[in-house]
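Down below is the structure, laid out as structure tokens.
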Amino acid sequence: MISNWQRRRGAFNHDWLKNQYLLAIDAWINLQNGEIANSEFEKRFIQEVFIQWESGSKQALALVKDFEIEMSPRRLFELAPLARSDDSTKLWLAELIHDLWRMRQLVDARVSEARIAIESANAAYARIQGSLKEDMDIQSAKSLHHLEPQFSEFRILCIGLAKTIEAFPSEVKIA
Amino acid sequence: MLIGLIDDTLDPGARPERTPRGNSIKALLERERFDVVSVKRLTKRGEKIFEERVASLPAPIDLGATEIPGYQAIPQCDLYLVHITQDLAPLFVEQVNARVPKTPMVGYSGGGLFLTKGKIFESAELTLIDKITIHLSEPSYYAVYQPTVHRGNETDFTIVVRSLCDLTRSRSAGALTEDAFLSEFHRLFTRPGANYLSAMMVLCQGYLAMHADTRDTHPEVDDALIAMGLTSEFVGSDAGGRVRDLTNDKRKREVSRSSWWQRVLGDRLEDLNAKLSEEYGGELPDAVRALTQSIYGKPGELANPVIAAVAYSAILKKFRSRSK
């Protein structure tokens, strides 16, 4: 059963965070360090690319929040053959296997870890935005070289978030 | 032999000096004289997905790039090479199977491939999954471990893809028709649905939870309950309170009736055994057969929780071996 949650995780974590956003952050850090030159990308990075974190962060939070609902084995009662259970069984047995799954899969710990990862990245992002406000006239990568450590920190936190989200189970675990 | 290359790093518009990995693999396969149809993966992708990547690659890996036909279409091929990651493997497999079922696929993944000035441009996406990827120390014709490329230069890259080509040429081409290959391949990549096995596991969990009072006298029951997560510590803890509340004698009687199982699993023993065998991928263990026999047997046979406990453990063992 490929869940909608798994598709959403793929779209967020693989498609956007790892294959678009982090690559762009990498490219920006390379620009800051003078390792590459790309004026078109440099011009639009802060205004168009970097700020995508604000919506990305919301998607990450929603993804983490929905994990327990969408990946629980109690969803198997929506499908045959378990959907044929009587109503009473559906209630108590679904609840029972959900609780056991939460315990086995350390759901609370995973969710908590992911939330912390998101909050940490949010905080790093806010620090960079705060610094950028102080340098409103300057948007070139080299002139913002002094912010490279902040971008690098943000990058590491984003990678950490990607790994945390990747560590969530990729299938509905029954046992 | 026609190879379908499915890779999310294919870039139809790439310039030769800034060639993403998928294009490079395509070029090398063609150099090895394979007929290749390249396919970008089917999920929704932005047009500019590689813009930043390509823009930041000053070091050329000039392996040539061509226009890619068959964009967003999967034609019938003899073999598919699929770039896999933990996030995407199930989606890839699902989509490819939906369109071209029973066609062999080779999964590959690896490490950073490109070198910028003094440092590797390493994508974070390339996480390997042990359950699908086979390491080089265990060569196989159905899956390739593309080793991490630490220098990210053309030499490394060529070694990686050469290994893919050699593997494909010397083993896969000949092995594709072998039953052993196909069954192993399907075990890895086209894991059959486990609807009835899963349902059996769920029902066993409910049944055994109601018979938890027998754990002290039946070690088999205790083992199964522990595997389910229903340890004595959990039951006694605050978190286990809800599970405690769900357990009562009325439910214990309910789950001990054949009708409770048959309502879900159907009313014919032969049909259930056939479905379970198919999902199991072979002969059902005696322990599972003993349980199905009890479900359709004489009234009262389900009173012995050891039968369900042993069956549960047998199915669990199978599930765990699949997810390794």
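What's counted below: heavy atoms across the whole structure, side chains too, no hydrogens, waters or symmetry copies. Chain naming here is simple, since letters A, B, ... match the order of the sequence lines and numbering starts at 1 in each. Remember, predicted model here, so these are calculated numbers, not experimental data.
Between the side chain of A/R84 and the backbone N or O of B/L265, no donor-acceptor pair lies under 3.5 Å. A distance-only check finds a donor-acceptor pair linking the side chain of B/Q205 to the backbone of A/I174 [under 3.5 Å].
Rounding to the nearest 0.5 angstrom, the gap separating the CE atom in A/M103 from the OG atom in B/S237 is 8.0 Å. With rounding to the nearest 0.5 Å, the separation of CH2 in A/W92 from CG in B/D245 is 14.0 Å. Within the model, atoms OG of A/S88 and CH2 of B/W260 stand 10.0 Å from one another, a figure rounded to the nearest 0.5 Å. The distance from the CG atom of A/L100 to the CZ atom of B/F234 is 6.0 Å, given to the nearest 0.5 Å.
With a 4.5 angstrom heavy-atom cutoff, A/I97 touches chain B via backbone and side-chain atoms both. In this structure, chain A has a heavy atom under 4.5 Å from the side chain of B/M210, while its backbone stays farther away. Looking at A/F45, neither its backbone nor its side chain comes within 4.5 Å of chain B, counting heavy atoms on both sides. When heavy atoms are compared at a cutoff of 4.5 Å, B/L316 approaches chain A solely by way of its side chain, counted from C-beta outward.
For the pair B/M201 and A/A175, the tightest heavy-atom approach, listed with the atom from each and the gap, is CE-CB, 3.4 Å. For the pair B/V264 and A/P81, the tightest heavy-atom approach, listed with the atom from each and the gap, is O-CB, 3.3 Å.
The side-chain heavy atoms of B/L203 and A/L93, taken from C-beta on, include a pair separated by under 4.5 Å. A/H98 has its side chain within reach of B/R242: a pair of non-hydrogen atoms, C-beta onward, lies under 4.5 Å apart. You'll find the side chain of A/P73 stays beyond 4.5 Å of the side chain of B/V202, heavy atoms only.
Under the 3.5 Å distance criterion, with hydrogens and angles disregarded, a donor-acceptor pair is assigned to the side chains of A/T89 and B/E254.
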